Participant: 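Have a look at this one before I ask anything.
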Amino acid sequence: YQMIEDLGRGEVTGTFTLAGKTLTTKTWVQADETTQNLVVTELALTGGGPLDVSASIALGAQNSYASATGATGDVLTRDVRADSADMVGGHATRRVRVATRVVGATGAVAAGALSFELAAAAPVSLVTSVVSDRDAAAYQSAAVANVATLTGADVDGLEGRHRAWWDAFFKKSFVEIPDKILERTFY
């Protein structure tokens, strides 16, 4: 396996090979849009026959607060809390819905997992929206709506806008420091 972080594009890519099959991944957090809070992971398979995939949404490290998995059609959801109490120090605690759907294959949700088949030369995307009650009053339905109707063309558009945002960012940004070796490392 190999993982590469591409800062210039704001992406992490991976290559995983086993038993004559190679799975490649590309993941990014959508850069040009800050209300849908989208995370996209493209998956592509080469070599051999199809691969059965099962994806779940795990709790964050050491989060012992109440959570629940669910589904809305082919969208897997997990609701999480930032605390066990509704109020802490006079402030409302956060609630979040994470909603994930596969685009480019038929997904089914059962037993807290999203399952689908990944065929060779037929890439798919897992698209996840993370929305809190601070982002939207109807955060649960908003998270689902953000991914429920996406198409492959929509994901392509997201990627194009994401890359354009990072390109524009780096065209406006620079680092100039006395240590030229460190400066080259930045670039």
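Predicted, not measured: the structure shown is a model, and the values here were computed from it.
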Participant: Roughly how far, to the nearest 0.5 Å, is the CZ atom of Arg163 from the CG atom of Asp32?
Facilitator: 13.5 Å
Participant: Checking Lys172 against Asp167 for the salt bridge (Lys or Arg N to Asp or Glu O under 4.0 Å) test, could you report, in this order, the C-alpha distance in whole Å, the side-chain angles of both residues, the deciding distance, and whether it holds?
Facilitator: CA-CA 9 Å; Lys172 290 190 269 184; Asp167 183 56; over 6 Å; no
Participant: Taking the side chain as everything from C-beta on, heavy atoms only, tell me whether Leu43 gets closer than 4.5 Å to Leu126.
Facilitator: yes
Participant: Which pair of non-hydrogen atoms, one from Trp28 and one from Glu11, has the smallest distance, and what is that distance?
Facilitator: CB-CG, 4.1 Å
Participant: Any donor-acceptor pair under 3.5 Å linking the side chain of Glu159 with the backbone of His162?
Facilitator: no
Participant: Membership question, hydrophobic clusters at under 4.5 Å side-chain separation (ILVMFWY): are Leu182 and Leu7 in the same one?
Facilitator: no
Participant: For the CD1 atom on Ile177, are there more than 12 heavy atoms of other groups (residues, nucleotides or ligands in this structure) within a distance under 6.0 Å?
Facilitator: yes
Participant: Test Thr41 against Thr25 for side chain to side chain donor-acceptor pair (under 3.5 Å), laying out the working first.
Facilitator: CA-CA 6 Å; Thr41 299; Thr25 64; over 6 Å; no
Participant: Are Leu158 and Val131 connected, step by step, through hydrophobic side chains (Ile, Leu, Val, Met, Phe, Trp, Tyr) whose heavy atoms are closer than 4.5 Å?
Facilitator: no
Participant: Is a donor on one side and an acceptor on the other found under 3.5 Å between the side chain of Gln140 and the backbone of Arg97?
Facilitator: no
Participant: Could you give me the CA-CA distance, side-chain angles and deciding distance for Ser129 and Asn146, then say whether side chain to side chain donor-acceptor pair (under 3.5 Å) is met?
Facilitator: CA-CA 6 Å; Ser129 180; Asn146 290 341; 2.9 Å; yes
Participant: Can you see which heavy atom on Arg78 is nearest to which on Ile57, and at what distance?
Facilitator: NE-O, 2.6 Å
Participant: Under the ring-ring contact (aromatic ring centres under 6.0 Å, His included) test, which residues partner Phe169, sequence neighbours left out?
Facilitator: Trp165, Trp166
Participant: What I'd like to find out is whether the side chain of Val53 reaches to under 4.5 Å of the side chain of Glu117, using heavy atoms alone.
Facilitator: no
Participant: Cluster question for you: counting only ILVMFWY and a side-chain heavy-atom cut-off of under 4.5 Å, with indirect links fine, are Val144 and Val130 together?
Facilitator: no
Participant: Show, in sequence, the C-alpha distance, side-chain angles and deciding distance for Leu59 and Val80, and conclude whether the side chain to side chain contact (heavy atoms under 4.5 Å, CB included) test is met.
Facilitator: CA-CA 8 Å; Leu59 288 175; Val80 296; 3.5 Å; yes
Participant: Taking the side chain as C-beta and beyond, is there a heavy-atom pair between Thr22 and Thr15 under 4.5 Å?
Facilitator: yes
Participant: Could you state the interatomic distance from CG (Leu76) to OG (Ser56), rounded to the nearest 0.5 Å?
Facilitator: 7.5 Å
Participant: Under 4.5 Å between any side-chain heavy atoms of Glu42 and Val124, yes or no?
Facilitator: no
Participant: Report yes if some heavy atom in the side chain of Leu38 is under 4.5 Å from a heavy atom in the side chain of Val147; otherwise report no.
Facilitator: yes
Participant: Linking Ile, Leu, Val, Met, Phe, Trp and Tyr through side-chain heavy atoms less than 4.5 Å apart, which residues share a cluster with Val39?
Facilitator: Val29
Participant: Checking the side chain of Thr151 only, and the main-chain atoms of Asp154 only, is there a donor and an acceptor separated by less than 3.5 Å?
Facilitator: yes
Participant: Regarding Ser64 and Gln62, is there a side-chain donor-to-acceptor distance under 3.5 Å anywhere?
Facilitator: no
Participant: With side chains defined as the heavy atoms from C-beta onward, is the minimum distance between Asp86 and Arg95 less than 4.5 Å?
Facilitator: yes
Participant: Between Thr46 and Lys21, is a side chain to side chain contact (heavy atoms under 4.5 Å, CB included) present by the stated rule, with each step listed?
Facilitator: CA-CA 6 Å; Thr46 56; Lys21 292 183 181 183; over 6 Å; no
Participant: Which atoms form the tightest heavy-atom contact between Asp74 and Gly107, and what is the distance?
Facilitator: CB-O, 3.6 Å
Participant: Please confirm whether the backbone N or O of Phe16 pairs with a side-chain atom of Gln2, one donor and one acceptor, at under 3.5 Å?
Facilitator: no
Participant: Ignoring hydrogens, what is the shortest heavy-atom contact between Thr77 and Ala71? Give both atom names and the distance.
Facilitator: OG1-N, 3.7 Å
Participant: Should Val155 and Val40 be marked as a side chain to side chain contact (heavy atoms under 4.5 Å, CB included) after you check the CA-CA gap, both sets of side-chain angles, and the distance that decides it?
Facilitator: CA-CA 8 Å; Val155 173; Val40 180; 4.1 Å; yes
Participant: About how many Å separate OG1 of Thr35 and CD of Gln30, when rounded to the nearest 0.5 Å?
Facilitator: 10.5 Å
Participant: When you measure from the side chain of Thr93 to the backbone of Ala85, do you find a donor-acceptor pair of N or O atoms at a distance under 3.5 Å?
Facilitator: yes
Participant: Evaluate the side-chain proximity of Leu118 to Leu23: yes if any heavy-atom separation is below 4.5 Å, no if none is.
Facilitator: yes
Participant: Quick one: do Glu183 and Glu176 satisfy side chain to side chain contact (heavy atoms under 4.5 Å, CB included)? Show the steps, please.
Facilitator: CA-CA 7 Å; Glu183 183 177 315; Glu176 187 173 348; 4.1 Å; yes
Participant: How close do Gly152 and Val103 get, counting heavy atoms only, and between which atoms?
Facilitator: N-CG1, 3.5 Å
Participant: Please name the pair of heavy atoms, one in Val109 and one in Leu114, separated by the smallest distance, quoted to 0.1 Å.
Facilitator: CG2-CD1, 3.9 Å
Participant: List in chain and number order the residues that pass salt bridge (Lys or Arg N to Asp or Glu O under 4.0 Å) with Asp135, two or more places apart in sequence or in another chain; answer none if no residue qualifies.
Facilitator: none
Participant: Thr24 versus Thr13: any side-chain heavy-atom pair under 4.5 Å?
Facilitator: no
Participant: Would a distance-only check, ignoring hydrogens and angles, find a side-chain to backbone donor-acceptor pair under 3.5 Å from Ser132 to Arg134?
Facilitator: yes
